[in-house]
**Student:** 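I am attaching a structure below and will ask some questions about it afterwards.
Reckoned from all heavy atoms, side chains included, excluding hydrogens, waters and symmetry mates. Just so it is clear, the structure is predicted and the values come from calculations on it, not from any experiment.
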Amino acid sequence: MLSSPARRILPALVAYLVLAFGAAAQEMATGEPATGMLPLVSRWLHVFGAIFLLGGAFYLRAAVMPAAAEVLDADTHAKLRAGITARWRKYVHILIAALLITGLYNFMAVTRFQHDGQSAYHMLFGIKFLLAIAIFGLASMLAGKKAISQKLQEKAALWVGVTIVLGAATVMIAGYMKMM
């Protein structure tokens, strides 16, 4: 059964998927980049997805974790961590799906045409994509329920910090790519 946030967001994500991939197929057939509102909305969704995913990690690492460690006993701290993880898990998976879908559409239907033949751009895209996959893996593990996830969660401060650094590198690469 889907969580409450997923039940609210999933229909919009499916509608976007149908529109985006229908438009992408047409754009790939014509060889022309996407125009109109869909590329703009897709970019907004992609940027907001990254903001929410990395912003949540930053807030957790910079504010919640230090404050909880200072004022809570070990048992209460563990309960708080479990509660936060359970709630955050619902959003992590939705944000990862949205970032993958919008990123694929943005590349296939928009930027691929604008940077055709620019090997440096495509190399940076590959690096950015690999960094994003690492971020998605870490975010999923930090929000996961399995034993391997719990091992990672024991050193959450370290791995959330790594996620933030990878996210910052991804944003910097994306900013540079936008300037190309």
Side-chain angles (χ1 to χ4, degrees), residues 6 9-10 12-62 88-89 91-144 146 148-149 152 155-180:
I9 296 171
L10 196 58
L13 201 53
V14 169
Y16 168 82
L17 255 176
V18 170
L19 285 173
F21 285 101
Q26 179 182 3
E27 288 142 6
M28 289 190 304
T30 64
E32 295 292 322
T35 57
M37 285 301 294
L38 188 59
L40 180 61
V41 170
S42 185
R43 181 146 176 82
W44 286 343
L45 289 173
H46 195 74
V47 170
F48 280 121
I51 289 169
F52 295 147
L53 187 63
L54 294 173
F58 182 79
Y59 179 71
L60 182 67
R61 181 68 180 91
W88 184 235
R89 179 181 308 117
Y91 295 97
V92 165
H93 297 127
I94 291 167
L95 291 169
I96 289 171
L99 285 165
L100 283 170
I101 292 165
T102 57
L104 180 62
Y105 171 77
N106 292 343
F107 181 73
M108 295 303 293
V110 182
T111 59
R112 177 173 69 98
F113 297 102
Q114 296 168 347
H115 300 281
D116 192 31
Q118 292 180 337
S119 58
Y121 181 89
H122 293 284
M123 177 194 67
L124 289 171
F125 175 82
I127 293 168
K128 179 184 158 196
F129 183 76
L130 291 173
L131 288 172
I133 295 299
I135 292 165
F136 298 161
L138 285 170
S140 293
M141 295 290 282
L142 287 164
K146 298 193 175 176
I148 192 165
S149 293
L152 199 78
K155 295 184 181 183
L158 168 70
W159 293 111
V160 171
V162 169
T163 303
I164 293 166
V165 169
L166 293 175
T170 304
V171 168
M172 288 188 286
I173 290 170
Y176 182 75
M177 290 170 66
K178 191 70 176 159
M179 302 298 290
M180 293 179 83

**Student:** Counting C-beta onward and ignoring hydrogens, is there a side-chain heavy-atom pair between Thr163 and Arg61 closer than 4.5 Å?
**Tutor:** no
**Student:** Give, for atom CG of Leu45 and atom CG of Leu95, the distance between the pair rounded to the nearest 0.5 Å.
**Tutor:** 11.0 Å
**Student:** For a quick test of reading the model, state the closest non-hydrogen atom pair linking His115 to Met177 and the distance between them.
**Tutor:** CE1-O, 4.3 Å
**Student:** Please report the interatomic distance CD(Gln118) to OG1(Thr111), rounded to the nearest 0.5 Å.
**Tutor:** 10.5 Å
**Student:** Could you give me the CA-CA distance, side-chain angles and deciding distance for Leu142 and Trp88, then say whether side-chain contact (heavy atoms from CB on, under 4.5 Å) is met?
**Tutor:** CA-CA 9 Å; Leu142 287 164; Trp88 184 235; over 6 Å; no
**Student:** What distance separates Leu99 CG from Leu104 CG, expressed to the nearest 0.5 Å?
**Tutor:** 12.5 Å
**Student:** Quick one: does Phe58's side chain get under 4.5 Å of Leu54's, heavy atoms only?
**Tutor:** no
**Student:** Give the minimum heavy-atom separation between Arg89 and Gly144, together with the two atoms involved.
**Tutor:** NH2-O, 3.7 Å
**Student:** Distance check, rounded to the nearest 0.5 Å: Phe136 atom CZ versus Met141 atom CE?
**Tutor:** 16.0 Å
**Student:** Minimum heavy-atom separation for Ala134 to Leu166, with atom names?
**Tutor:** CB-CD1, 4.0 Å
**Student:** What verdict does the side-chain contact (heavy atoms from CB on, under 4.5 Å) test give for Leu152 and Leu138, after you've listed the backbone C-alpha separation in whole Å, the side-chain angles of each residue and the deciding distance to 0.1 Å?
**Tutor:** CA-CA 9 Å; Leu152 199 78; Leu138 285 170; 4.2 Å; yes
**Student:** Does the pair Tyr105 and Thr102 meet the rule for a side-chain contact (heavy atoms from CB on, under 4.5 Å), with working shown?
**Tutor:** CA-CA 5 Å; Tyr105 171 77; Thr102 57; 5.7 Å; no
**Student:** Distance from Leu40 atom CG to Asn106 atom CG, nearest 0.5 Å?
**Tutor:** 10.0 Å
**Student:** So, the side chain of Ser42 versus the backbone of Leu38: is there a donor-acceptor pair under 3.5 Å, distance only?
**Tutor:** no
**Student:** Quick one: closest heavy-atom pair of Ala139 and Leu53, and the distance?
**Tutor:** CB-CD1, 4.3 Å
**Student:** Verify side-chain contact (heavy atoms from CB on, under 4.5 Å) between Ile173 and Tyr176, making sure each step is shown before the conclusion.
**Tutor:** CA-CA 5 Å; Ile173 290 170; Tyr176 182 75; 5.7 Å; no
**Student:** Under 6.0 Å from the CZ atom of Phe48, do we count more than 12 heavy atoms belonging to anything else shown?
**Tutor:** no
**Student:** Do other residues, nucleotides or ligands put more than 12 heavy atoms under 6.0 Å from Arg43 CZ?
**Tutor:** no
**Student:** Could you tell me which non-hydrogen atom of Ala57 sits nearest to which non-hydrogen atom of Val160, and how far apart they are?
**Tutor:** O-CG1, 3.4 Å
**Student:** Strictly under 6.0 Å, is that where the ring centroids of Phe129 and His122 end up?
**Tutor:** no
**Student:** Can the ring centres of Phe125 and Phe107 be said to be less than 6.0 Å apart?
**Tutor:** yes
**Student:** So which atom in Ala143 and which in Val92 form the shortest heavy-atom distance, rounded to 0.1 Å?
**Tutor:** CB-CG2, 4.2 Å
